[in-house]
Amino acid sequence: MKKIAVCYKWVLSDTDIRVNEKSRELDLEKSKPQVSEYDRNTLAAGVALKAQAGASAVVGVTCGTVTEGSSKDALSRGPDAVYYLDDAVMASADSSTTSKVLAAMIKNIGDVDVILCSEASSDEFAQQTGPRLAALLGYPSVSGVAAISVAGDSLTLDRKMADGTEVVSVKPPVVISTVPEVKDAPIPSVKDILGAKKKPANALTLAGIGLSADAVKPLFTINSVLAPESKRKVVRLNPEGTSIDDAAKALIKQLSTDGIL
Amino acid sequence: MADYDAIVVGAGLSGSTAAYCMAKAGLSVLVIERGEAVGSKNVTGGRLYSHSLEKIFPGFADSAPVERKIVKERISMMTAESCFTVEFASDRLKNPASASYSVMRANFDPWLAAKAEEAGCDVVCPAVADDLLRDGDKIIGIRAGEDELTSDVVLLADGVNSLLGQKAGMKEELSPHQVAVGCKEIVELPKGAINERFGLNDGEGVAHLFAGTPSNALVGGGFLYTNKDTVSIGLVMTVGGLTTSSLRLPDLMEAFRESAPVKPLLAGGTVVEYAAHLVPEGGLRMIPTLSRDNVLLLGDAAGFCLNLAYTVRGMDYAIASGQLAAETVIEAREKNDFSNAVLSGYVSRLEKSYVLKDMKTHKHAPAFIEHTKRLYKAYPELAANVLADIFTVSGPSRLIIRKTLPKIFKAGPFGLLMDGLKGSRAL
């Protein structure tokens with residue numbers, strides 16, 4: 001097997017996203033970028049596959065904005081090198097443009113015959129990048145993969161279905177979309193983090209991979225992102241002077257009326 | 001050959017300062033920090049007295065993420081219905097050699113750690129140093145998960161609990177009377193509100209301490225510091241005091257935030273962060289073994305913190321201890337001797353510096369603050385009663401002395417005199 005490429009996305013951490021209660025808009029100010037949670041598992045799967053298949057290398061590939069900062073984090077998760085494309089124009093990228101850029105990057109890297117993508121990213125969750133990438137590269141696309149094993153010059157892939165598992169065999173080149181079960185992602189150790197500094201992080205540019213800024217124009221625009229409306233009853237059971245006992249009785253009455261008790 | 005000359009556990013102020021100074025001298029240094037991000041585990045009230053960092057980074061405040069320069073000091077004595085406040089504002093508070101700044105550790109610590117990294121340190125975060133690595137009795141590094149990392153010296157800047165300091169046999173487990181617990185809320189205010197409400201210009205801040213009702217007559221007090229667009233308010237209470245009382249810190253915090261003197265200052269604000277942390281307040285008697293073969297203790301781990309009721313200091317001592325630890329390690333590197341014969345030079349350096357001198361000068365302060373209960377109830381009440389008599393007019397007047405003396409007698413003149421004498425020797 002030649003090289004394994006694992007695509008990963010540098011997304012904003014969703015734990016620090018705050019919701020403006022009035023406008024329901026998202027406040028992303030406190031969110032820091034990180035390797036998408038699903039992609040950590042996929043990187044771990046790529047590293048395991050390299051060992052199992054004796055591939056020549058496993059590389060991380062990403063495109064977006066401020067992706068230069070992702071290389072240390074991604075490298076600490078085991079790949080031999082990362083390739084990143086960092087361009088402000090990617091701020092409005094959608095799945096079609098992202099897959100176009102990734103395909104061009106992978107061609108530029110060369111000798112890649114297994115490409116791993118997570119089924120979806122933790123921010124957009126469009127579930128399109130893997131299949132689109134396969135179409136652009138002209139490779140088969142296998143989605144929903146929960147386990148990968150090597151059988152001679154083929155890969156045996158377990159596809160997680162709604163009510164069972166489908167096992168498929170495929171000869172690389174192939175694009176595989178993985179679900180998180182594919183591999184647990186260990187927390188990088190101190191030595192992994194220190195080792196990441198010594199591995200190559202390669203910057204690619206749109207011009208360098210033969211794409212114009214026009215080629216990465218998104219095909220749709222996002223008008224708004226709003227948190228779901230949360231409706232609360234706002235019943236206060238202990239207004240001034242109500243004893244705890246009375247408040248508790250009122251609460252029981254309220255809950256029974258609402259059919260909760 | 002060890003992996004590093006020095007491993008620093010903890011990227012707080014003492015750890016990062018030590019790491020920076022050692023790397024500047026050409027030593028190889030690894031800093032390991034357990035927080036998700038540098039600074040994420042660290043809490044200050046807080047104000048940084050800048051003098052110790054100024055020596056390492058002259059003019060640092062121009063580029064470091066400080067919040068506001070403190071130009072106003074306020075101290076309040078609160079009772080349930082009164083509040084007596086002293087305010088001191090002065091250009092002398094702005095002198096760079098003695099200025100202080102409100103800081104947020106989540107912003108400030110990453111800046112300092114980045115300086116250490118720029119100087120050549122490896123900073124690994126998040127990663128936990130679980131244990132010390134030993135060869136027989138000799139400490140030769142740290143264990144982090146499955147990784148073993150070796151160094152000639154380990155600098156423990158791992159905070160007030162310093163579990164590794166305990167494992168190194170340099171420190172006992174904390175006892176309740178040695179530590180206070182601080183909690184703090186960060187309240188975001190509308191733009192411009194801070195300058196208007198506190199009478200400040202851009203970049204200028206106020207530090208405000210409160211005694212009396214905030215601690216509900218227990219040992220402790222409230223604080224308020226203005227940041228850029230937020231206000232930090234909180235309480236610090238002794239753990240010993242809280243454990244013997246039925247009061248809960250979150251309830252006291254709520255009452256403090258809703259109290260008459262504080263509430264209007266925060267009106268329309270949103271609590272955006274809540275934090276709590278232990279504060280070493282044991283003073284000189286709590287200072288652990290600071291050096292042994294191959295190990296030094298720094299900052300909060302070493303108990304370098306001083307609460308004098310009117311000022312609370314810890315961060316400037318932490319920075320100074322980091323610098324002195326680095327000097328000692330640089331000497332040990334030159335002599336290629338990391339035994340306590342050379343490393344104990346850290347203790348002599350601390351003794352010659354204000355770090356241990358201050359701890360000695362104020363060695364009675366922790367006991368005075370813990371045992372002078374009148375500070376938290378009787379004296380705020382006395383101040384309130386005297387001033388209420390002076391300022392309330394409802395008919396005929398009397399001489400001030402006639403108004404005040406009975407109150408002083410009520411408060412207990414002998415106790416007041418004794419506390420005054422004791423306080424003058426402790427604070």
Side-chain angles (χ1 to χ4, degrees), chain A residues 10-37 40 44 47-48 66 68-78 122 184-199 201 227 236 238-241 244 247, chain B residues 2-4 7-11 28-40 104 106-107 110 113-114 117-118 120-133 141-151 154 186 188 190-191 228-230 258 268 270-275:
Chain A
W10 192 230
V11 301
L12 288 177
S13 155
D14 47 11
T15 47
D16 292 318
I17 295 174
R18 290 188 295 177
V19 175
N20 183 320
E21 278 175 30
K22 279 187 196 131
S23 68
R24 287 159 50 213
E25 281 169 357
L26 305 185
D27 176 0
L28 304 173
E29 199 192 329
K30 301 244 165 181
S31 290
K32 295 198 175 78
Q34 62 176 26
V35 172
S36 173
E37 304 251 0
R40 298 173 193 188
V47 172
V66 299
E68 186 179 358
S70 75
S71 54
K72 228 169 99 180
D73 186 341
L75 285 169
S76 72
R77 297 172 190 280
S122 67
D184 282 337
I187 295 168
S189 74
V190 174
K191 287 197 171 161
D192 292 335
I193 295 170
L194 290 170
K197 284 189 178 178
K198 299 180 184 111
K199 294 195 253 183
R236 187 163 179 198
N238 63 335
E240 304 300 317
I244 292 291
Chain B
D3 298 330
Y4 291 92
I7 293 177
V8 180
V9 181
S28 65
V29 182
L30 168 68
V31 184
I32 175 164
E33 163 61 42
R34 76 184 173 126
E36 240 347 274
V38 172
S40 63
M104 306 267 254
N107 301 331
E117 205 163 12
E118 281 164 29
C121 299
D122 281 335
V123 180
V124 175
C125 162
V128 183
D130 301 297
D131 205 348
L132 295 158
L133 198 62
I142 56 146
R143 190 186 306 277
E146 285 173 8
D147 288 334
E148 294 183 344
L149 295 139
T150 57
S151 62
V154 177
I186 296 175
E188 199 171 82
K191 261 218 152 10
K228 272 196 184 107
D229 304 310
T230 60
E258 296 298 313
T270 321
V271 179
V272 290
E273 263 180 66
Y274 182 87

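Lettering follows sequence order; numbering is per chain, from 1.
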Test side chain to side chain contact (heavy atoms under 4.5 Å, CB included) applied to B:Tyr4 and B:Thr150, step by step
CA-CA 6 Å; B:Tyr4 291 92; B:Thr150 57; over 6 Å; no

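Within the 4.5 angstrom heavy-atom criterion, no atom of B:Glu36 approaches chain A. Neither the backbone nor the side chain of B:Val128 comes within less than 4.5 Å of any heavy atom of chain A.
In the model, A:Asp192 has a side-chain atom that pairs as donor or acceptor with a side-chain atom of A:Ser189 under 3.5 Å.
A donor-acceptor contact shorter than 3.5 Å is absent between the side chain of B:Arg143 and the backbone of B:Leu133. Not one N or O on the side chain of A:Trp10 forms a donor-acceptor pair closer than 3.5 Å with the backbone of A:Pro33.
Among the candidates B:Asp3, B:Asp147, B:Leu30, the residue making the largest number of heavy-atom pairs closer than 4.5 Å to chain A is B:Asp147. For the options B:Leu149, B:Ile32, B:Val123, heavy-atom pairs under 4.5 Å to chain A are most numerous at B:Leu149.
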